[in-house]
Amino acid sequence: MREESSHVSGRDFMQFVHTHINALPSRVRTSRGRRIAREAELNCGAGCVVRETTAHTIQQCWRTHGGRILRHDRVVSLVAEAMASDQWSVVTEPHVKTSKGLRKPDIVAAKGGVGVIVDVQVVSGQRPLDDAHREKRSKYRTHEELVQKVAGILGLPNKDCVHATSCTISWRGVWSHSLFRSLNDI
């Protein structure tokens, strides 16, 4: 939000700010100060049997599922483009068959004899982002067969050359601090 961007309209910028500070309208938010209404009137308008909050609408509601997929894919695209512009050889969403089933990491990339597996996730932020980052990173680090096959895809000599990380962002646009440090190390 601090960076100048000529391709973002004023209206979109205001929506970014409202999202960041959790000020988007929802049934729960708009009923504050006058909650005499029945609890059912606060439930999601899409028929979900939970309270309609901004977090529910953006992260869980079935109506916004397609938007969540588009958001995830856009983050993958941005990270892949940034890596490619920094001379990484990038492959997005390779299908890797393992004994545990088909695995599709979001990004695998190589540069200077080092490989990296990056898996993108946009989380709620209810628990620390660093915990979500470490959990996703260990999911790929501990799957030795997958790491070995990714090394083959990237043309690296062995699995010791491949590192795993995640791109963990909250739905409000906050990045994990551990992620930032690990991406700088790569």
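Between Arg68 and Thr64, the closest heavy-atom pair is NH1-OG1, 2.7 Å. Between Gln87 and Lys111 the shortest heavy-atom distance is O-CG, 4.0 Å. In plain terms, the two heavy atoms of Lys149 and Val96 that are nearest each other are CB-CG1, 3.7 Å. Between Cys48 and His56, the closest heavy-atom pair is SG-NE2, 3.6 Å. Listed here is the closest heavy atom pair of Gly45 and Arg63: O-NH2, 3.5 Å. The shortest heavy-atom contact between Thr168 and Ala132 is CG2-CB, 4.0 Å.
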### Task
Go through the steps for Val147 and Arg141 under the test side-chain contact (heavy atoms from CB on, under 4.5 Å), then give the verdict.
CA-CA 7 Å; Val147 173; Arg141 271 190 183 165; over 6 Å; no
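Side-chain contact annotation: Arg134 with Ser138, donor-acceptor N/O pair under 3.5 Å absent. Side-chain atoms of Ser26 and Glu52 form no donor-acceptor pair, as typed in the model, at a separation below 3.5 Å. Side-chain N/O atoms of Asp130 and Ser176 include a donor and acceptor closer than 3.5 Å. Counted by atom type alone, Glu145 and Ser99 present one or more donor-acceptor pairs between their side chains at under 3.5 Å.
Ile153 and Val116 sit in two unconnected hydrophobic clusters of ILVMFWY residues. Membership requires side-chain heavy atoms under 4.5 Å apart, directly or through other members. Placement of Ile107 and Val162 in two distinct hydrophobic clusters is found when ILVMFWY residues are connected by side-chain heavy-atom separations under 4.5 Å, directly or transitively. Residues Val76 and Tyr140 do not share a hydrophobic cluster, clusters being chains of Ile/Leu/Val/Met/Phe/Trp/Tyr side chains in contact below 4.5 Å. In the hydrophobic clustering of ILVMFWY residues, with side-chain heavy atoms under 4.5 Å counting as a link, Leu154 and Ile117 come out together. Ile169 and Val79 end up in the same hydrophobic cluster when Ile, Leu, Val, Met, Phe, Trp and Tyr side chains are linked at under 4.5 Å.
By the 4.5 Å side-chain criterion applied to Ile, Leu, Val, Met, Phe, Trp and Tyr, Val174 is assigned to a cluster that also includes Val123, Leu129.
Considering only residues two or more places apart in sequence or on other chains, Val122 meets the side chain to side chain contact (heavy atoms under 4.5 Å, CB included) condition with Gln59, Arg71, Trp171.
Counting only residues at least two apart or in different chains, side chain to side chain donor-acceptor pair (under 3.5 Å) contacts with residues 72-82 comprise His72-Asp106, Ser77-Glu81.
Within the 4.5 Å cutoff, no side-chain heavy atoms of Ser170 are placed close to those of Ser124. Put simply, the side chain of Cys167 reaches to within 4.5 Å of the side chain of Val75, judged on heavy atoms.
The distance from the CD atom of Gln148 to the OG1 atom of Thr98 is 13.0 Å, given to the nearest 0.5 Å. The CD atom of Gln121 sits 5.0 Å away from the OG atom of Ser166 when rounded to the nearest 0.5 Å. Considering CE of Met83 and OG of Ser89, their distance stands at 10.0 Å, rounded to 0.5 Å.
Ion pairing between a basic and an acidic side chain is recognised when a charged N comes within 4.0 Å of a carboxylate O; Arg127 and Glu135 show such pairing. Look at Asp119 and Arg137 and you find no salt bridge, because none of the NZ, NE, NH1 or NH2 atoms lies under 4.0 Å from a carboxylate O.
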